[in-house]
Amino acid sequence: MANHGPQKYLRKKTRQINVGKVAVGGDAPISVQSMTITKTADVDATLQQIYALAAAGCDIVRCTCNDAAAAEGLAKIVPRSPVPIIADIHHQYRMALAALEAGVQGLRLNPGNIRKPEHIKVVASEARDRGVPIRIGVNGGSLDPALYEKHGGLTAAAMVESAQQELKYFEEVDFNLVKISVKASNVPLMVDAYRMLSEVTDFPLHLGVTEAGPLPGGLIKATAGISTLLLEGIGDTIRYSLTADPVEEARAGRQLLESLGLRERKNVDLIACPSCGRAEVDVIDIAQKAQSAFADKKLPLQIAVMGCVVNGPGEAREADLGIAAGNKRGHLFVKGRNVAVVPESEMVDALVEWATFIHEHGTEAAIKRVDTTLAEREAAKDRSVALAEKGDDANHDTEKIVEIRRTVAEK
Ligand code: SF4
């Protein structure tokens, strides 16, 4: 595939902090975060979810720490987790102290919910002594009522001021292991708040659209907000807040960063033609089956599913591997070169087998393992059959153009 590698968008320079073994900010790769939805006190269920999240590409996992049982659960979870754990703290500052005692690698404090300066400073001092970072997690839905009133409602400036207030308390106790988020469920508001925040601080920023909702709308809203900012060079770590299995959040985060070229590709990039009058198979069905077959395979390849052998191999010639349908058969191609023909029912299995081979042995070895002349001959045969059946204007473009010209001329 045309692998352009991680892009160097002009990323705003931020300070770097460490959440356990994961660096955040500066020139560290943009990290993916998610949050468990189990009861943190249920250690086994929570660890199971953390492992699933890590396998899906999540770099840092947050768990709620809302009571003593959750804090005790964290004490058992943290040493067994494959990724750093952040405790999510809302109303009780004592839970932050308990989570630090449990050994978490980070805290998230909501300044709208813990408002007493003395409580904030006690937590920041303890975190400072332990070298544990804190995210100032401003949330549009739980903004300090005083700021809401001062700004005449929920505004970008109100959210930024909330973060700045918290920073001031941290500075008073000489604590600076900080990252900040100013999330809102309204995308333009969230984008404005982060833009404003990045003008006034160089602490690393954690991006997210809060309460984005179920799929697919939630995915679209979160992607709109997060990618707009990333392309402006704003953001050091991201989280999709979806009403879905958190594994979907991790996958989405990872996929967004890979598709923007901000993280090295680790997973299959499945491309597929949109299908048209020339399609010889149900492209949507085959593409979905291929997507499921590759979902958990760590293969950094671009793989194409194309509806016809007439145009498919040419249109997807940049893909590492692809398959195009023709005359009830699947024509496999590697970097645009036909390599094999399989029955239509075996198209997905064949893709998996070839993808695994390419990953292990490389493209050249894949091309060498077969007689490409034979495959090309078969493809040419099926291409002729398709052209004979549907002509070279399967989508009836020419007919339509003639009709359009006639209509226009009549006017
Ligand atoms: S011409 Fe073939 S490859 Fe292109 S969209 Fe139509 S079916 Fe897909």
Side-chain angles (χ1 to χ4, degrees), residues 1-4 216 219-220 223 255 258-259 265 267-295 297 299-358 363 366-367 370 372-405:
M1 88 184 254
N3 186 356
H4 298 291
L219 210 49
I220 293 166
T223 304
Q255 211 168 342
E258 287 183 8
S259 63
R265 178 161 296 290
N267 305 291
V268 166
D269 176 22
L270 188 77
I271 61 169
C273 79
S275 186
C276 72
R278 200 173 271 300
E280 302 250 334
V281 279
D282 181 345
V283 183
I284 299 174
D285 180 56
I286 304 276
Q288 276 171 351
K289 285 182 177 142
Q291 184 155 292
S292 311
F294 286 115
K297 299 208 170 4
L299 302 171
L301 301 172
Q302 189 179 62
I303 296 175
V305 173
M306 308 300 278
C308 76
V309 72
V310 176
N311 294 331
E315 283 177 13
R317 74 171 68 83
E318 292 295 321
D320 295 292
L321 169 69
I323 199 152
N327 202 19
K328 304 277 169 248
R329 305 197 290 177
H331 295 272
L332 276 146
F333 52 92
V334 173
K335 292 279 181 196
R337 289 184 65 177
N338 288 86
V339 291
V341 192
V342 296
E344 201 174 276
S345 58
E346 291 170 22
M347 285 170 75
V348 175
D349 289 346
L351 275 180
V352 173
E353 198 271 319
W354 277 79
T356 311
F357 185 92
I358 291 173
T363 305
I367 292 172
V370 289
T372 53
T373 336
L374 193 68
E376 182 47 55
R377 204 184 308 138
E378 291 301 306
K381 213 158 60 184
D382 288 347
R383 206 174 286 131
S384 314
V385 172
L387 283 171
E389 271 176 11
K390 297 189 178 170
D392 57 7
D393 188 26
N395 297 315
H396 310 292
D397 300 356
T398 317
E399 275 172 43
K400 286 177 197 157
I401 288 168
V402 169
E403 193 57 27
I404 289 165
R405 287 184 184 160

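Both counts, for ligands and for their atoms, begin at 1 and track the order of listing. Note that the structure is a prediction, hence the values are computed from the model and not measured.
- Residue Asn267 forms a side-chain hydrogen bond (donor to acceptor under 3.5 Å, both in side chains) with just one option from Gln255, Glu258, Lys297, and that option is Glu258.
- Residues Phe294 and Leu351 meet the side-chain proximity criterion, which asks for heavy atoms closer than 4.5 Å.
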>> Working note: Lys400 + Glu403, criterion salt bridge (Lys or Arg N to Asp or Glu O under 4.0 Å); need CA distance, chi angles, decisive distance, verdict.
In response: CA-CA 5 Å; Lys400 286 177 197 157; Glu403 193 57 27; over 6 Å; no
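- Side chains of Arg377 and Leu374 form a contact here, defined as non-hydrogen atoms less than 4.5 Å apart.
- Listed by chain and number, the protein atoms of type N/O/S under 2.8 Å from atom 2 (Fe) of ligand 1 are Cys308 SG; waters are omitted.
- For the pair Asp320 and Lys335, the minimum side-chain heavy-atom distance is below 4.5 Å.
- Residue Glu353 holds its CD atom at 9.5 Å from CD1 of Ile358, rounded to the nearest 0.5 Å.
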